[in-house]
Trainee: 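The structure follows.
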Amino acid sequence: MSDPMRILLVGAGGVGAAFAAIAKRRDFFESIVIADYNEASARRAAAVDDRFTSAQVDASSADSVAALAREHSITHVMNAVDPRFVMPIFEGARAAGADYLDMAMSLSRPHPDSPYEKTGVKLGDEQFAASDAWVGDGRLALVGIGVEPGLSDVFARYAADHLFAEIDELGTRDGSNLTVEGYDFAPSFSIWTTIEECLNPPVIWQDGAWFTTEPFSEPEIFDFPEGIGPVECVNVEHEEVLLMPRWVDCKRATFKYGLGDEFIEVLKVLHKVGLDRTDKVKVGGVEVSPRDVVAACLPNPADLGPVMTGKTCAGLWVTGTGKDGQPRSTYLYHVVDNEWSMQEYGHQCVVWQTAINPVVALELLADGTWSGTGVLGPEAFDAVPFLDLLTAYGSPWGIKEL
């Protein structure tokens, strides 16, 4: 029998706090240490359960993460902060002899000469480069286990195993009909992460190779289920395209996001005036990152739940040949209504939908249903136990033939 699970949750923002609210209803772990640079945020998130404690951590320091993990004999480090902190948390977990999970992967760097044709450093490359070391340690790094990436990747495994004999395209499609009252512009997720993924060159997998294209390219109207309806989606850089082809045979893999014209225009303006930059500039004797300033000027996504209405949908559109030899086009999806998630858990739907998936994954790891070593994506595991447990949590998924 393995040791009782002791989790270090790094990050007590919107997703971290929602993770705590979901985990408090489960009994598969012994304790959770919730750590944040701002310990007051960690204390608030930890107050919901007596198995939770709070701590201060510097997520930019592998040594800080490792020291905290060792202090509490942590078995699993759960990363719930912006992807710029992936590598120090990933390395800190390994140094402490703990398994690791995240919901976003190590950052990309565009090709220096042909950014909209060729890949440079791809999302996750730094983590996959360390996979052999994790195997050698007998430890698991389960990467990209939020909702997108995460549940979308579980859908890819399920489609390959149970629905399709041959897959032409794995097309992640994300859209919503969410509105936020009282704000002209209020992203429902981390603006830092949104800028990163939306302004970088999107990656596409085609016929055995990755290539890049222009941001916001190939617009299409996708009709989302459960009353959300048609939303224009565009190419965005995302982990699924880098994960799915490693474990699931497909001719093509794409990620398209329903952003809307206004959102795209705001992002383009931020880019034009340099406010998407992460390198620091001097302002009145103080050095600040322009992107951090943008984030500080916008409302905290975690606080928007009471003034948000509508539903969000994450899903995977799979096309190819079904098990019966006939052409098939299927959308596997997960919809969360903000009114429900606020009433049931007190957290807005976008962060809640992201947070539930790593809790489900940790429960499967705790009972031995999922196991492995090295750096692995969700596609490396059996999808059925995950989807069954997600449904048992009270959050069913859906399937629609197109």
Trainee: Side chains of L387 and V154: does their closest heavy-atom pair fall under 4.5 Å?
Mentor: yes
Trainee: Quick one: CD on E30 to NE2 on H72, what's the gap to the nearest 0.5 Å?
Mentor: 12.5 Å
Trainee: I'd like to know if the side chain of S108 and the backbone of K122 have a donor-acceptor N/O pair within less than 3.5 Å.
Mentor: no
Trainee: Just wondering, do T330 and F155 contact through their side chains at under 4.5 Å, heavy atoms?
Mentor: no
Trainee: Indicate the atoms forming the closest heavy-atom contact of L304 with P299, along with that distance.
Mentor: CD2-CB, 3.9 Å
Trainee: On a heavy-atom basis, which atom in A23 and which in V359 lie closest, and how many Å separate them?
Mentor: CA-CG1, 4.1 Å
Trainee: Report yes if the side chains of E126 and R109 come closer than 4.5 Å at any heavy-atom pair, otherwise no.
Mentor: yes
Trainee: Would you give the length of the straight line joining atom CD1 of I191 to atom CG of L267, rounded to the nearest 0.5 angstrom?
Mentor: 6.0 Å
Trainee: Carefully, step by step, assess I7 and F28 under the rule side-chain contact (heavy atoms from CB on, under 4.5 Å).
Mentor: CA-CA 11 Å; I7 301 164; F28 63 86; 4.3 Å; yes
Trainee: Set out, in order, the CA-CA distance, both residues' side-chain angles and the distance that settles side-chain contact (heavy atoms from CB on, under 4.5 Å) for F381 and T369, then state yes or no.
Mentor: CA-CA 9 Å; F381 303 90; T369 302; over 6 Å; no
Trainee: Short question: side chain of S341, backbone of H347 - any donor-acceptor pair under 3.5 Å?
Mentor: yes
Trainee: Could you give me the CA-CA distance, side-chain angles and deciding distance for V236 and L259, then say whether side-chain contact (heavy atoms from CB on, under 4.5 Å) is met?
Mentor: CA-CA 10 Å; V236 167; L259 292 170; 4.2 Å; yes
Trainee: Do the side chain of D102 and the main chain of G144 share a donor and acceptor less than 3.5 angstrom apart?
Mentor: yes
Trainee: Side chain of N79, backbone of V81: donor and acceptor closer than 3.5 Å?
Mentor: yes
Trainee: Kindly give the heavy-atom pair with the smallest separation between E239 and A104, and that separation in Å.
Mentor: OE2-CA, 3.4 Å
Trainee: Looking at every non-hydrogen atom in both residues, tell me the closest pair between S395 and H334 and how far apart they are.
Mentor: OG-NE2, 2.7 Å
Trainee: Do the non-hydrogen side-chain atoms of L178 and V350 ever get within less than 4.5 Å of each other?
Mentor: yes
Trainee: Do S188 and Q348 have side-chain N/O donor and acceptor atoms under 3.5 Å apart?
Mentor: no
Trainee: Does R94 qualify as a cation-pi partner of Y100, given the criterion of NZ or CZ under 6.0 Å from the six-membered ring centre and within 45 degrees of its axis?
Mentor: no
Trainee: Rounded to the nearest 0.5 Å, what separation is found between the CG atom of D3 and the NE2 atom of H76?
Mentor: 10.0 Å
Trainee: Given side chains that start at C-beta, do those of E166 and K251 come closer than 4.5 Å, heavy atoms only?
Mentor: yes
Trainee: Any chance the side chains of E148 and T172 put a donor and an acceptor closer than 3.5 Å?
Mentor: no
Trainee: Knowing that exactly one of R173, E220, E218 qualifies, which makes a side-chain hydrogen bond (donor to acceptor under 3.5 Å, both in side chains) with T254?
Mentor: R173
Trainee: Hey, are E117 and H111 close enough side-chain-wise for a donor-acceptor pair under 3.5 Å?
Mentor: no
Trainee: Ignoring hydrogens and angles, state whether a donor on the side chain of D63 or S61 is under 3.5 Å from an acceptor on the partner side chain.
Mentor: no
Trainee: Donor-acceptor pair, T212 side chain versus P115 backbone, under 3.5 Å?
Mentor: yes
Trainee: Can a salt bridge be assigned to the pair D292 and R84 using a cut-off of 4.0 Å between side-chain N and carboxylate O?
Mentor: yes
Trainee: Return yes if some donor-acceptor pair links the side-chain N/O of N338 with the main-chain N/O of M308 below 3.5 Å, else return no.
Mentor: yes
Trainee: Please say whether more than 12 non-hydrogen atoms of neighbouring residues, nucleotides or ligands are located less than 6.0 Å from CG in D249.
Mentor: no
Trainee: Tell me if a side-chain donor or acceptor on D36 pairs with a main-chain N or O of A42 at a distance below 3.5 Å.
Mentor: no
Trainee: Assess, by modelled atom type and distance only, whether the side chains of T193 and D82 contain a donor and an acceptor separated by less than 3.5 Å.
Mentor: yes
Trainee: Taking atom CZ of F211 as the centre, report whether more than 12 heavy atoms of other residues, nucleotides or ligands fall under 6.0 Å from it.
Mentor: yes
Trainee: Count the heavy atoms belonging to other residues, nucleotides or ligands that lie under 6.0 Å from CD of E339, then report whether that count exceeds 12.
Mentor: no
Trainee: Could you grab the distance from atom CD of E379 to atom CG of L243, nearest 0.5 Å is fine?
Mentor: 5.0 Å
Trainee: Got P215 and P202 here, is their nearest side-chain heavy-atom distance under 4.5 Å?
Mentor: yes
Trainee: Ring centres of F386 and W397 under 6.0 Å apart?
Mentor: no
Trainee: Show your reasoning for whether side-chain contact (heavy atoms from CB on, under 4.5 Å) applies to Y393 and E363.
Mentor: CA-CA 11 Å; Y393 271 50; E363 185 158 346; 2.6 Å; yes
Trainee: Could you tell me the separation between the CD atom of E240 and the CG atom of L123, rounded to the nearest 0.5 Å?
Mentor: 10.0 Å
Trainee: For the pair Y257 and F255, name the ring-plane relationship: parallel under 30°, tilted 30 to 60°, perpendicular over 60°.
Mentor: perpendicular
Trainee: Rounded to the nearest 0.5 Å, what's the gap from CG on D168 to OG1 on T319? Could you check?
Mentor: 5.0 Å
Trainee: Find out whether the Lys NZ or Arg CZ of R25 is both under 6.0 angstrom from the six-membered ring centre of Y345 and within 45° of the ring's axis.
Mentor: yes
Trainee: Name the orientation class of the two ring planes belonging to F128 and W247 (parallel below 30°, tilted from 30 to 60°, perpendicular beyond 60°).
Mentor: tilted
Trainee: Just by distance, no angles: are the side chains of S289 and T278 close enough, under 3.5 Å, to form a donor-acceptor pair?
Mentor: no
Trainee: A side-chain contact here means heavy atoms from C-beta on lying under 4.5 Å apart; do E401 and R328 qualify?
Mentor: yes
Trainee: Taking atom NZ of K323 as the centre, report whether more than 12 heavy atoms of other residues, nucleotides or ligands fall under 6.0 Å from it.
Mentor: yes
Trainee: Minimum heavy-atom separation for C349 and D337, please, with both atom names.
Mentor: CB-C, 4.2 Å
Trainee: Taking Y158's backbone N and O only, do any of them form a donor-acceptor pair with D161's side chain (distance below 3.5 Å, no angle check)?
Mentor: no
Trainee: So, the side chain of S217 versus the backbone of E214: is there a donor-acceptor pair under 3.5 Å, distance only?
Mentor: yes
Trainee: Within the side chain of R6, is there an N or O that forms a donor-acceptor pair under 3.5 Å with the backbone of S73?
Mentor: yes
Trainee: Which pair of non-hydrogen atoms, one from P378 and one from V143, has the smallest distance, and what is that distance?
Mentor: CD-O, 3.3 Å
Trainee: Is it true that atom CG of D324 has more than 12 heavy atoms of other residues, nucleotides or ligands lying nearer than 6.0 Å?
Mentor: yes
Trainee: For D184, does the CG atom have more than 12 heavy-atom neighbours from other residues, nucleotides or ligands under 6.0 Å away?
Mentor: no
Trainee: Do W134 and T373 have side-chain N/O donor and acceptor atoms under 3.5 Å apart?
Mentor: no
Trainee: Does atom CD (E181) have a neighbourhood of more than 12 heavy atoms from anything else shown, all under 6.0 Å?
Mentor: no
Trainee: Is Y333 close to E226 at the side-chain level, that is, under 4.5 Å between some pair of heavy atoms?
Mentor: yes
